[in-house]
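Worksheet: one structure, shown below.
Positions are given from 1, in the same order as the sequence printed here. Bear in mind that the values here come from a model prediction, so they are computed numbers and not experimental data.
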Amino acid sequence: MTGRTGRALAVVGAVAVLGVTFPQGAHAATGTFVYHTQPGNVTHTLTNPIDGRCHPVGRQAQGQVNNNTDRRAVLYADKNCRLVVAEELDPGQWTSHSEFMSVRFGS
């Protein structure tokens, strides 16, 4: 009986360690973030963007921006989310004109 109990405890311990060792899935904002690039006022959409990750927008985004996610969107003046913050949009907020090169989402 002790052998079986010991093995059962070892299995439970291994499962617990695996649960701690491997991170849970990345969290994502729920919803869409809509922006435009120029020339041509081309519409782009980020759907359920991952929190904390820098999302470069390619060429500079320019024009109307709609943050239809459940997270705050921080817009940056560079493509690596490092330089001066261009603007911040709370969930559900929009602006008629913004210029930025990357965006990061978080609560």
Side-chain angles (χ1 to χ4, degrees):
M1 188 86 152
T2 304
R4 285 183 184 173
T5 303
R7 281 192 293 262
L9 289 174
V11 169
V12 169
V15 169
V17 168
L18 288 174
V20 171
T21 304
F22 295 107
Q24 301 299 315
H27 295 284
T30 301
T32 58
F33 179 80
V34 181
Y35 63 96
H36 298 84
T37 55
Q38 303 301 328
N41 200 34
V42 180
T43 303
H44 301 272
T45 303
L46 293 173
T47 302
N48 299 331
I50 297 174
D51 285 352
R53 178 180 290 172
C54 184
H55 299 272
V57 297
R59 351 177 167 177
Q60 185 173 31
Q62 198 172 38
Q64 185 171 336
V65 179
N66 298 302
N67 182 15
N68 298 317
T69 72
D70 61 349
R71 302 285 198 274
R72 174 177 287 220
V74 180
L75 314 179
Y76 292 87
D78 73 313
K79 64 182 179 178
N80 299 314
C81 296
R82 292 189 183 137
L83 291 179
V84 178
V85 173
E87 196 165 356
E88 294 184 19
L89 295 174
D90 287 326
Q93 190 175 11
W94 65 278
T95 182
S96 61
H97 185 80
S98 187
E99 295 183 21
F100 63 100
M101 293 188 74
S102 59
V103 58
R104 181 173 301 182
F105 297 86
S107 49

Candidates V57, L89, V34 - the one meeting side-chain contact (heavy atoms from CB on, under 4.5 Å) with V65 | L89

Do L83 and Y76 pass the side chain to side chain contact (heavy atoms under 4.5 Å, CB included) test, and can you show the C-alpha distance, the side-chain angles, and the key distance before you say yes or no?
-> CA-CA 6 Å; L83 291 179; Y76 292 87; 6.0 Å; no

Using modelled atom types only, decide if a donor and an acceptor are shared between the side chain of [X] and the backbone of [Y] within a distance under 3.5 Å.
X	Y	result
Q38	Q62	yes
H36	Q64	yes
T69	R71	yes
N67	W94	no
D78	N80	yes
D70	T30	yes

Minimal non-hydrogen separation, [X] against [Y], with atom names:
X	Y	answer
P49	G31	CD-O, 4.1 Å
R104	C81	NH2-CB, 3.1 Å
H55	R53	CD2-O, 3.1 Å
E99	A86	O-CB, 3.5 Å
S102	P56	CB-CA, 3.9 Å

Hey, mind stepping through F33 and N68 against side chain to side chain contact (heavy atoms under 4.5 Å, CB included) and telling me if it holds?
-> CA-CA 6 Å; F33 179 80; N68 298 317; over 6 Å; no

For Q93, enumerate each residue passing the side-chain hydrogen bond (donor to acceptor under 3.5 Å, both in side chains) test, keeping only those at least two apart in sequence or located in another chain.
->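 So Q93 forms no side-chain hydrogen bond (donor to acceptor under 3.5 Å, both in side chains) with any residue.
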
Partners passing side-chain hydrogen bond (donor to acceptor under 3.5 Å, both in side chains) against E88 (at least two apart in sequence or in another chain) | R72

Carefully, step by step, assess V103 and L46 under the rule side chain to side chain contact (heavy atoms under 4.5 Å, CB included).
-> CA-CA 10 Å; V103 58; L46 293 173; 3.9 Å; yes

Quick one: list whatever passes side-chain contact (heavy atoms from CB on, under 4.5 Å) with H44, sequence neighbours left out.
-> Y35, T37, V42

